[in-house]
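Read the structure below first, then the notes.
What you see is a predicted model; the values in this text were computed from it and never measured.
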Amino acid sequence: EGPIDAQKRPEDVPADPLPMLGEFEWSTVDIEDAAQLEDVFVLLNENYVEDKDAAFRFNYTREFFHWALKPPGWSREWNVGVRVKATGKLVAFISAIPIDLAVRGKDVRSVEINFLCVHKQLRSKRMAPVLIKEITRRVNRQDIWHALYTAGVVLPSPISTCRYAHRPINWAKLQDVGFTDVPAGKTAPEMVAMYALPGKTKTSGLRRMAAGDVDAALALLVKYQRRFELVQKFSKAEFAHWFLGEDESASDDDASRVIHSYVVEDADGKITDFFSFYSLPFTVLEHAVHKELGIGYLFYYASDADFAFDDRFSAEATAALKTRLTALIGDATILAKQAKMDVFNALTSQDNTLFLDALKFGPGDGFLNFYLFNYKAFPVTGGIKDDKSYDTERRSNVGVVML
Ligand SMILES: Cc1c(C(=O)c2nccn2C)oc2cccc(OCCCNCc3cccnc3)c12
């Protein structure tokens, strides 16, 4: 396992951008300029990924981009756009942010590539490969040689594959928009009752994460993630950014809040668990009544439930972790409902297969493939068996969560 290409130096990398198709030009997008951020928002809102039936499209909000594109260490040059020379219209985009990965214990200084988008009218002009080569050049110029990215499509050799899982919250609305339906032998009222959730959370000591919790929650995550083979390593500043958001001022139940993070503080003031989820709505295309689907995505979490066991894979340790995580993420679904989300999404990564069934996360028909650029690694199990069902025995060895 290890880098594929021979180690190169930044000075070996061309200083100039790749040639661009005639009527277009490269344009580094200044995401701190509201007008240019608006260009990115509009391009993705109208041209980014849709589900396979083209019923929904991702609706990344402006606040989401501020959070996702400006973590500590972000670089202006890594928000790469393509504009029409004559009009300045933004017609393509790709971004990179720095990330410290560890693959089976080896540090791999990387970037995370995200938001690759080409305008619908410019598809099949081979623009995507040019965008990927250009952002690779810009990243190499800053002495980074590896990248992590995900895609629904299967490309050569994913390092891991996880399955989509969905926990309906507002079942009636999901049926209205065609995301769920009444299974044979059931009625709609029975489905609404099956997914009903209490108004209040159950875990004592549960509260929103605050700046003062960062050190303890980060230490807990590092210890909890020890057993995973693909993990993201956070500095304190990065942890604060990803879990507290860019400004804590956003009021808690403010609809514009992107990241929701909670800790469990025990009677001695110790942080024993934390979890987080982010809000990323879908635009509902072509529906008379519903224009948007509120969606929560399970993000990072950690628990000390199995720390006391010498063998964290023993049946007792697994049972203790399963019980604790089912209670924790059960509360997360209740909080997602309070945040007006219609469905709560999770993958089969982390230890999620311990609670997906108990919490009524149904398996989705989507899969998320993880790719590591310029790094050869043996596959990491993604929490699914060969028949694509949840692997509750082995669980997964994927600790990293991509937006
Ligand atoms: C996307 C997504 C969906 C849906 O498509 C969906 N949910 C409700 C209705 N629909 C159609 O369901 C998921 C469950 C777990 C993780 C997920 O995504 C994990 C993070 C994905 N971000 C990376 C990405 C972006 C674009 C395309 N693929 C992957 C998803």
Side-chain angles (χ1 to χ4, degrees), residues 40-65 68 91-93 114-124 128 149-155 161-184 186-192 194-197 255-256 258 277-299 333 336-337 339-348 356 359-369 384 388 401-403:
V40 175
F41 169 76
V42 169
L43 174 70
L44 271 80
N45 193 262
E46 295 173 357
N47 299 279
Y48 199 51
V49 179
E50 297 169 3
D51 69 305
K52 67 183 184 351
D53 306 321
F56 312 103
R57 190 183 305 140
F58 278 104
N59 179 20
Y60 289 94
T61 61
R62 296 162 184 84
E63 293 81 8
F64 193 102
F65 285 122
V91 292
F93 182 75
N114 208 340
F115 307 118
L116 166 58
C117 181
V118 173
H119 195 285
K120 281 172 180 271
Q121 288 159 354
L122 296 177
R123 300 285 163 86
S124 72
Y149 54 101
T150 60
V153 293
V154 184
L155 306 164
T161 298
C162 296
R163 186 170 186 172
Y164 285 359
H166 315 284
R167 205 288 180 191
I169 295 175
N170 184 344
W171 189 88
K173 179 175 175 184
L174 295 178
Q175 187 198 24
D176 283 352
V177 301
F179 179 64
T180 49
D181 211 342
V182 186
K186 294 271 188 186
T187 65
E190 280 170 346
M191 298 310 285
V192 169
M194 175 180 164
Y195 290 111
L197 285 168
S256 73
V258 177
F277 58 91
Y278 60 88
S279 167
L280 169 53
F282 262 117
T283 302
V284 180
L285 308 169
E286 314 301 328
H287 196 277
V289 174
H290 303 297
K291 300 305 170 201
E292 193 161 280
L293 264 192
I295 306 193
Y297 288 80
L298 183 60
F299 197 42
T333 58
K337 178 179 177 182
K340 311 266 186 297
M341 288 162 185
D342 300 311
V343 56
F344 196 75
N345 281 347
L347 289 164
T348 53
L356 291 176
L359 294 178
K360 301 175 185 167
F361 282 79
D365 55 14
F367 292 86
L368 195 63
N369 301 294
I384 45 180
K388 306 297 183 204
V401 185
M402 290 275 288
L403 298 180

Output the distance between atom [atom1] ([X]) and atom [atom2] ([Y]), rounded to the nearest 0.5 Å.
{"X": "Leu293", "Y": "Leu174", "atom1": "CG", "atom2": "CG", "answer": "6.0 Å"}
{"X": "Leu285", "Y": "His290", "atom1": "CG", "atom2": "NE2", "answer": "14.0 Å"}
{"X": "Leu298", "Y": "Phe361", "atom1": "CG", "atom2": "CZ", "answer": "6.5 Å"}
{"X": "Thr333", "Y": "Leu197", "atom1": "OG1", "atom2": "CG", "answer": "4.5 Å"}

Discussion item. Are more than 12 heavy atoms, taken from residues, nucleotides or ligands other than Lys291, located less than 6.0 Å from that residue's NZ atom?
Written reply: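 Counting other residues, nucleotides and ligands, NZ of Lys291 exceeds 12 neighbours.
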Nearest heavy-atom pair of [X] and [Y]: which atoms, and what distance?
{"X": "Gly296", "Y": "Met341", "value": "CA-SD, 3.4 Å"}
{"X": "Leu356", "Y": "Ala346", "value": "CD2-CB, 4.1 Å"}
{"X": "Phe64", "Y": "Ser279", "value": "CD1-O, 3.5 Å"}
{"X": "Phe41", "Y": "Thr61", "value": "CE1-CA, 4.1 Å"}

Worksheet item: Once the angle between the rings of Phe56 and Phe282 is folded into 0 to 90°, is it parallel (under 30°), tilted (30 to 60°) or perpendicular (over 60°)?
Response: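 It falls in the tilted class, 30° to 60°.
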Item to complete: Fit a plane to each ring of Phe58 and Tyr48, take the angle between them on a 0 to 90° scale, and name the class: parallel (under 30°), tilted (30 to 60°) or perpendicular (over 60°).
Response: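 Because their plane-to-plane angle lies in the 30° to 60° range, the rings of Phe58 and Tyr48 count as tilted.
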Got a donor-acceptor contact below 3.5 angstrom from the [X] side chain to the [Y] backbone?
{"X": "His287", "Y": "Asp176", "answer": "yes"}
{"X": "Asn47", "Y": "Lys120", "answer": "yes"}
{"X": "Thr161", "Y": "Asn369", "answer": "no"}
{"X": "Lys360", "Y": "Met194", "answer": "yes"}

Practice prompt. Before giving the answer on side-chain contact (heavy atoms from CB on, under 4.5 Å), spell out for Lys52 and Asp365 the whole-Å C-alpha distance, their side-chain angles and the decisive distance to 0.1 Å.
Written response: CA-CA 10 Å; Lys52 67 183 184 351; Asp365 55 14; 3.1 Å; yes
Worksheet item: Arg57 and salt bridge (charged side-chain N to carboxylate O under 4.0 Å, His left out): which partner among Glu286, Glu50, Glu46?
Response: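 The single option meeting the salt bridge (charged side-chain N to carboxylate O under 4.0 Å, His left out) with Arg57 is Glu50.
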Tabulate below the donor-acceptor pairs under 3.5 Å that side-chain atoms of residues 162-169 make, not counting sequence neighbours, or state none.
{"from": "Arg163", "atom 1": "NE", "to": "Gly364", "atom 2": "O", "distance (Å)": "2.8"}
{"from": "Arg163", "atom 1": "NH1", "to": "Lys388", "atom 2": "O", "distance (Å)": "2.7"}
{"from": "Arg163", "atom 1": "NH2", "to": "Gly364", "atom 2": "O", "distance (Å)": "3.1"}
{"from": "His166", "atom 1": "ND1", "to": "Asn345", "atom 2": "OD1", "distance (Å)": "2.9"}
{"from": "Arg167", "atom 1": "NE", "to": "Leu359", "atom 2": "O", "distance (Å)": "3.1"}
{"from": "Arg167", "atom 1": "NH1", "to": "Tyr195", "atom 2": "O", "distance (Å)": "3.0"}

Practice prompt. Kindly say whether the aromatic ring centers of Phe115 and Tyr60 come within a distance under 6.0 Å.
Written response: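 That pair passes the under 6.0 Å test.
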Discussion item. I'd like to check the salt bridge (charged side-chain N to carboxylate O under 4.0 Å, His left out) partners of Lys337; sequence neighbours left out, ordered by chain and number.
Written reply: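 Residues passing salt bridge (charged side-chain N to carboxylate O under 4.0 Å, His left out) with Lys337: none at all.
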Between [X] and [Y], is any pair of side-chain heavy atoms under 4.5 Å apart?
{"X": "Leu280", "Y": "Ile295", "answer": "no"}
{"X": "Leu44", "Y": "Phe65", "answer": "yes"}
{"X": "Phe367", "Y": "Thr348", "answer": "no"}
{"X": "Met191", "Y": "Thr180", "answer": "no"}

